[in-house]
There are 2 protein chains.
Amino acid sequence: MTVSPPRPKGPPLNALRAFEAAARLNGFSNAAEELCVTPGAIAQHIKSLEAWAGSDLFVRQSQGVRLTPLGAGVIEDFSNAFDKLGEAVQNLRLRAAPKHIRIAALPSVAQLWLSPRLPEIRREIADITVSITAMETAPNLLREPYDLSIFFEDHPLLPEGIEICRDSIFPVCTAELAKELNNPSDLINFPLIQDTSWSEDWKYWTEANYPDQKIKLEGPVFSLYSLALEETRNSAGILIGHEPLVRRLLDLGELVAPLPGALPLKRSLMARIAKPATKNQALKKIMAVLLGSDKPKPQA
Amino acid sequence: MTVSPPRPKGPPLNALRAFEAAARLNGFSNAAEELCVTPGAIAQHIKSLEAWAGSDLFVRQSQGVRLTPLGAGVIEDFSNAFDKLGEAVQNLRLRAAPKHIRIAALPSVAQLWLSPRLPEIRREIADITVSITAMETAPNLLREPYDLSIFFEDHPLLPEGIEICRDSIFPVCTAELAKELNNPSDLINFPLIQDTSWSEDWKYWTEANYPDQKIKLEGPVFSLYSLALEETRNSAGILIGHEPLVRRLLDLGELVAPLPGALPLKRSLMARIAKPATKNQALKKIMAVLLGSDKPKPQA
DNA sequence: TATTAGGCCTAGGAAAACTATGGCATCATA
DNA sequence: TATGATGCCATAGTTTTCCTAGGCCTAATA
């Protein structure tokens with residue numbers, strides 16, 4: 001029954017954002033990563049918010065946290081509110097610089113698929129700036145400042161996003177090596193190059209095409225697909241190639257596909273457009289170029 | 001056409017809030033007041049946001065600011081987003097402490113109308129805490145941490161909020177002074193007490209009831225109605241009384257209304273409930289007490 | 001029994017936010 | 001034409017907030 005003089009303040013906005021991220025991503029560490037801070041910072045924000053509210057939002061367990069009923073009861077509102085806010089920010093950014101389009105893509109996609117298409121974009125669309133940011137995981141387009149994301153995505157039950165092209169895998173190497181590679185059993189004689197993030201590729205491909213064939217699934221491993229590709233061009237071995245990423249070198253004749261049997265994966269190169277960007281003229285043109293440019297030449 | 005390494009960050013949340021407030025309230029100074037900071041702080045926030053976006057949001061004029069087309073184009077999104085966020089915070093606060101109800105009211109209302117009703121609330125509703133914050137202007141219940149606001153509001157075209165009772169004005173004084181006050185012309189012999197924020201009251205009342213009567217519209221002025229009322233009880237003069245605020249002293253017999261002619265104003269004491277609080281049990285009971293307590297004894 | 005993953009705490013330092021002050025331009029008033 | 005009031009800007013200095021670092025704890029895993 002107090003009659004307090006100063007207008008009481010709400011909680012700090014940053015604490016709310018930390019709470020929302022921690023709840024959505026299921027842990028302080030994940031939230032910390034998204035917000036580019038240390039987990040300790042998240043813990044402090046959330047503690048201050050809990051102090052403000054007067055009760056706990058998370059149950060701390062030895063490994064990970066769990067929302068309390070109170071936390072679970074309010075998180076949806078916060079997520080929606082921050083989505084709206086993120087959308088408003090996206091809208092502001094895009095309206096302020098409608099000729100500046102920001103694209104987020106997997107490093108390999110940025111370098112091997114997107115980069116070769118930039119000259120055409122520049123040619124087609126005058127007076128435009130395109131920024132490309134390479135990252136391992138797709139950004140949340142409701143929150144992060146990108147207009148377009150291009151990533152490989154496993155096929156969901158219900159299609160969403162814009163499919164650019166289906167992913168499929170098959171071995172590739174230089175013409176030089178291909179001469180000594182006449183049937184699958186010859187693979188045993190070469191280093192089999194692979195990418196860390198797609199370490200099952202060789203297994204999938206051999207199982208699908210030559211289930212009886214035993215193949216040593218060892219060889220150089222690269223964390224950057226473009227490095228793996230470069231090594232392959234240096235005849236360092238046979239790479240398990242992803243069609244959208246190797247097509248250009250095949251077309252140029254710098255690499256060949258020595259063995260038949262391309263394996264289509266339940267995964268595609270997908271584009272997603274931030275909602276406020278859907279009406280942007282520059283982006284529409286970019287999409288037209290990117291989608292038009294993709295006339296797959298089936299391999300195998 | 002850059003390929004930048006670190007994930008670019010969005011703008012600081014506090015800058016967004018400053019922008020939203022400045023746009024909504026039409027000026028940096030007003031925003032500063034709402035956010036309890038100096039205008040300079042707002043100016044800096046907005047400048048940083050403009051720097052982030054790369055273009056101006058406000059046109060600075062010698063007296064006041066005006067939104068640029070860009071600013072005008074995005075402000076609605078921001079306002080909606082912050083409304084949502086405010087609602088989420090309200091919801092959190094209320095769920096965290098469902099037995100703690102916060103009421104905002106005009107100082108005079110808090111002291112003269114609300115305060116006498118608190119004992120009944122305490123009696124009716126066990127286990128509850130009521131905080132009352134007195135303020136001159138009604139809080140934005142979507143943003144500020146109150147569950148209920150009680151203020152005088154002029155009648156709008158379309159009714160909104162919950163009407164507690166109509167405001168009407170008429171002179172009041174002690175029985176002692178009333179003896180010497182038998183007709184309106186006697187008013188000239190007494191100091192006419194008034195409140196700063198309702199400085200037209202005496203004029204309205206005399207014009208409505210005794211248009212031919214000339215009255216000296218001068219006398220002690222108080223910025224707190226409860227002070228004016230206290231002085232009236234000390235027989236310092238005649239107060240132009242607001243029915244909801246003086247009724248109790250009339251009922252107690254400590255003051256009387258010496259002259260006929262209560263003037264109903266196009267204004268009522270109105271309650272407003274924050275949206276997340278509408279479902280709160282404690283608040284429902286409080287509203288029942290407050291509305292039930294008001295059985296006006298018409299004066300004349 | 002190590003190891004790891006995830007979170008907590010505290011101290012100290014970095015960054016952000018805010019205040020204070022002086023200045024300028026416009027408008028209304030005297 | 002002074003004069004004051006309003007409203008914003010710029011800068012410097014201060015306060016507050018935020019963040020990191022590093023040590024500690026617990027439970028699950030190998």
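Because only heavy atoms are used, hydrogens play no part in the values below, and waters and symmetry mates are left out as well, while side chains stay in. Here is how names work: the chains are called A, B, and so on, in the same order as the sequence lines, proteins then strands, and each is numbered from 1.
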Gap between atoms CD and P, on A:E34 and D:dC19 respectively (whole Å): 14 Å
For A:I46 and D:dC19, what is the distance between atoms CD1 and P respectively, to the nearest whole Å? 12 Å
Go through the structure and list residues passing ring pair (Phe, Tyr, Trp, His ring centres under 6.0 Å) with A:Y225, not counting sequence neighbours. A:W198, A:H242
Residues at least two apart in sequence or cross-chain that pass ring pair (Phe, Tyr, Trp, His ring centres under 6.0 Å) with A:F78, listed by chain then number, are A:F19
Does B:E76 have any side-chain hydrogen bond (donor to acceptor under 3.5 Å, both in side chains) partners at least two apart in sequence or in another chain, and if so, which? none
Distances for protein N or O near nucleotides 15-17 of chain D N or O, under 3.5 Å:
none

Output the rounded distance in Å from CG (B:L13) to P (D:dC18). 11 Å
In whole angstroms, the gap separating P of C:dA16 from CZ of B:R17 amounts to 17 Å
Name all residues meeting the ring pair (Phe, Tyr, Trp, His ring centres under 6.0 Å) criterion together with B:W52; count only those two or more places apart in sequence or in a different chain, and write none if there are none. none
Those residues at least two apart in sequence (or on a different chain) that pass side-chain hydrogen bond (donor to acceptor under 3.5 Å, both in side chains) with B:S197 are B:D195
Could you list the protein-to-nucleotides 6-11 of chain C atom pairs, N/O on both sides, closer than 3.5 Å?
| unit_1 | atom_1 | unit_2 | atom_2 | d |
| --- | --- | --- | --- | --- |
| C:dG6 | O3' | A:G64 | N | 3.2 |
| C:dG6 | N3 | A:S62 | O | 3.4 |
| C:dG7 | OP1 | A:F28 | N | 3.0 |
| C:dG7 | OP2 | A:S29 | N | 3.1 |
| C:dG7 | OP2 | A:S29 | OG | 2.6 |
| C:dC8 | OP1 | A:R60 | NE | 2.4 |
| C:dC9 | OP2 | A:K47 | NZ | 3.3 |

Holding to side-chain contact (heavy atoms from CB on, under 4.5 Å), I want the full list of residues that pass it with B:D83, two or more places apart in sequence or in another chain. B:L142, B:R143
A:L35 CG - C:dA16 P separation (whole Å): 15 Å
Could you list the donor-acceptor pairs under 3.5 angstrom formed by side chains in residues 40-49 of chain B, with sequence neighbours left out?
| unit_1 | atom_1 | unit_2 | atom_2 | d |
| --- | --- | --- | --- | --- |
| B:S48 | OG | B:H45 | O | 2.8 |

Less than 4.0 Å between a side-chain N and a carboxylate O, is that true for A:K203 and A:E200? yes
